[in-house]
Amino acid sequence: MDNKESLALHGGKPVRSSYLPYGRQSIDEEDIKAVVDVLKGDYITTGPTIEAFESAIANFTGSKHAVAFSSGTAALHAACYAAGITESDEVITTPMTFAATSNSILYMGGTPVFADIDPHTYNISPQAIEQLINEKTKAIIPVDFTGNPADYDEIKALADKHGLVVIDDAAHALGAVYKGKNIGSVADMTMFSFHPVKHITTGEGGMITTNNDDYYEKLITFRSHGITRNQEKLLHLKEPWYYEMQELGFNYRMTDIQAALGVSQSKKIKAFVSKRREYARKYNETFSKSEHILIPAHKQHSESSWHLYIIRLDYKKLKADRNEIFKALQKENIGVNVHYIPVYFHPFYEQLGFKKGLCPQAEKVYKEIITLPLFPKMSEQDIDDVIAGVEKVISYYSV
Ligand SMILES: *Cc1c(COP(=O)(O)O)cnc(C)c1O
């Protein structure tokens with residue numbers, strides 16, 4: 001192999017001259033103006049823009065209620081609170097996720113129970129869930145991994161049979177569709193995140209959607225210290241100035257500054273998701289022809305919102321492992337990532353007593369996957385660069 005073609009890892013010329021991140025926000029002048037308008041107005045927090053953003057997400061997802069939070073993690077914590085998770089409860093979730101998913105169970109004193117993934121979709125396996133249900137089980141938290149909806153018919157059937165709450169961690173799945181229904185209106189409660197790498201952003205921020213009035217009341221109270229001003233609910237004094245803290249809540253409120261960005265961004269959800277789908281289709285068409293690359297299965301009845309694009313490599317046909325390929329791609333200036341380290345591999349979870357070997361499918365997939373850049377602001381050229389980089393690295397290491 002001559003020098004021109006050699007890997008950047010070994011001193012050759014990279015496929016790209018500048019580094020391409022795996023994800024980033026798309027902010028335009030309209031978004032900036034919306035934020036500035038709020039800054040010039042009367043309310044910069046807990047004002048009318050919060051409700052406008054909540055309505056936008058409720059309308060988009062087709063759910064009755066939406067409650068904004070300071071982060072997706074805060075929103076998940078609130079959902080676990082509303083679901084009534086306590087110290088004596090077990091909650092079944094996937095290890096193939098960001099730590100926030102299972103941390104939210106720990107915040108309530110509950111015990112996370114990890115169910116293994118389906119080796120084709122990398123989503124939580126309903127069969128694995130079923131085997132873990134016992135009298136302590138209180139809830140199930142599936143993640144719509146990469147934006148690919150989990151198996152809700154099967155999961156809801158188990159939840160109905162055993163009286164469990166289903167909380168969808170849809171941090172990846174704004175704009176995804178499960179059997180004709182929008183994600184956000186499928187589970188008992190659904191969490192969205194507005195971190196900059198997600199579909200739309202508020203800097204930091206999150207939302208819970210639900211059709212259930214009781215959950216809605218609890219979410220609202222939990223978001224603001226557990227304090228109520230609802231005259232009908234006051235226990236000690238019914239005066240217009242009076243308020244009571246009746247439950248232990250937090251300050252998990254979103255600001256109107258953030259909500260202004262959210263309202264403006266939410267007008268573009270469809271455009272952002274369709275750009276992601278278009279790029280994912282291009283990756284799929286290219287990579288499905290490669291004997292070295294496996295792309296996760298997507299069910300006919302669902303439409304992914306393509307938060308992440310993950311490839312899995314066949315290392316039997318390569319002279320390198322994932323970590324070597326990862327470094328080689330990074331040196332080509334392609335912002336690769338790994339989603340995710342199985343949650344219970346983290347030292348904190350190890351200390352809680354979780355051991356390697358718990359979810360063999362998740363552990364196997366973890367060792368083989370690489371996340372490629374995918375976000376709406378990428379250009380066609382960026383997509384071509386990623387493809388060129390992957391092909392270059394794979395052909396170099398091919399046996
Ligand atoms: C981003 C993310 C979260 C947390 O959301 P934040 O808004 O960053 O707190 C939770 N779960 C998953 C799967 C995520 O990707």
Side-chain angles (χ1 to χ4, degrees), residues 21-25 53 57 66-81 91-108 112 114-115 117 121-124 139-150 166-176 183-184 187 189-209 219 222-223 250-255 258-259 261-262 265-266 272-273 276 296 304-310 337-346 349 362 365-366 369 371 374-375:
Y22 87 92
R24 67 158 296 168
Q25 70 276 13
F53 184 35
I57 297 297
V67 182
F69 288 89
S70 52
S71 70
T73 304
L76 271 178
H77 185 185
C80 287
Y81 172 81
V91 179
I92 299 174
T93 191
T94 172
M96 207 43 155
T97 187
F98 184 56
T101 315
S102 52
N103 287 355
S104 67
I105 303 162
L106 295 175
Y107 296 157
M108 298 309 304
F114 294 102
I117 58 168
T121 63
Y122 313 165
N123 267 324
I124 192 166
I140 306 170
I141 312 184
V143 173
D144 303 313
F145 187 65
T146 72
N148 191 15
V166 180
I167 302 168
D168 176 6
D169 178 338
H172 300 180
L174 184 62
I183 287 295
M189 285 180 268
T190 302
M191 180 280 277
F192 296 106
S193 163
F194 309 120
H195 179 277
V197 297
K198 306 287 164 64
H199 292 83
I200 63 168
T201 190
T202 58
E204 298 283 354
M207 189 87 75
I208 296 291
T209 59
L219 294 166
F222 189 77
R223 175 173 72 177
F250 289 75
N251 178 353
Y252 277 166
R253 296 186 302 261
M254 178 182 274
T255 64
Q258 293 167 300
L261 186 53
Q265 287 260 299
S266 60
F272 288 163
V273 172
R276 287 174 177 275
S304 177
S305 54
W306 289 105
H307 165 53
L308 298 173
Y309 193 90
I310 290 179
N337 216 306
V338 174
H339 294 93
Y340 287 98
I341 304 160
V343 171
Y344 58 84
F345 278 23
H346 290 292
Y349 280 82
V365 167
Y366 156 63
I369 48 177
T371 305
L374 178 63
F375 54 93

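This chain uses plain numbering: 1 for the first residue, then up along the sequence. Basis for what follows: all heavy atoms, side chains included, without hydrogens, waters or symmetry-related copies. Source: prediction; values computed, not measured. Just follow the structure's listing: the first ligand is 1, and inside any ligand the first atom is 1.
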Problem set entry | Proximity flag G205 to ligand 1, non-hydrogen atoms under 4.0 Å | yes

Exercise. Does ligand 1 have any atom sitting under 4.0 Å from a heavy atom of F145?
Worked result: no

Exercise. Does H339 come within less than 4.0 angstrom of ligand 1, counting non-hydrogen atoms of the residue?
Worked result: no

Exercise. What part of T73, side chain, backbone, both or neither, has a heavy atom within less than 4.0 angstrom of ligand 1?
Worked result: both

Problem set entry | Parallel, tilted or perpendicular: ring planes of F145 versus H172, cut at 30 and 60 degrees | tilted

Exercise. What do we get for F192 next to ligand 1 when only non-hydrogen atoms under 4.0 Å count, side chain, backbone, both or neither?
Worked result: neither

For this session: Between S193, A171, A75, flag the one that comes closest to atom 5 (O) of ligand 1 by a heavy atom.
Result: S193

Exercise. Ignoring hydrogens and geometry, is there a side-chain-to-backbone donor-acceptor pair from N123 to N148 under 3.5 Å?
Worked result: yes

Problem set entry | Under 3.5 Å: donor-acceptor pair, side chain of T201, backbone of F194 | yes

For this session: May I ask whether K198 places a heavy atom under 4.0 Å from ligand 1?
Result: yes

Seminar exercise, completed: Within 4.0 Å of some non-hydrogen atom of Y340, the atoms of ligand 1 are 15 (O)

Exercise. Less than 3.5 Å between some nitrogen or oxygen of F194 and one of ligand 1, yes or no?
Worked result: no

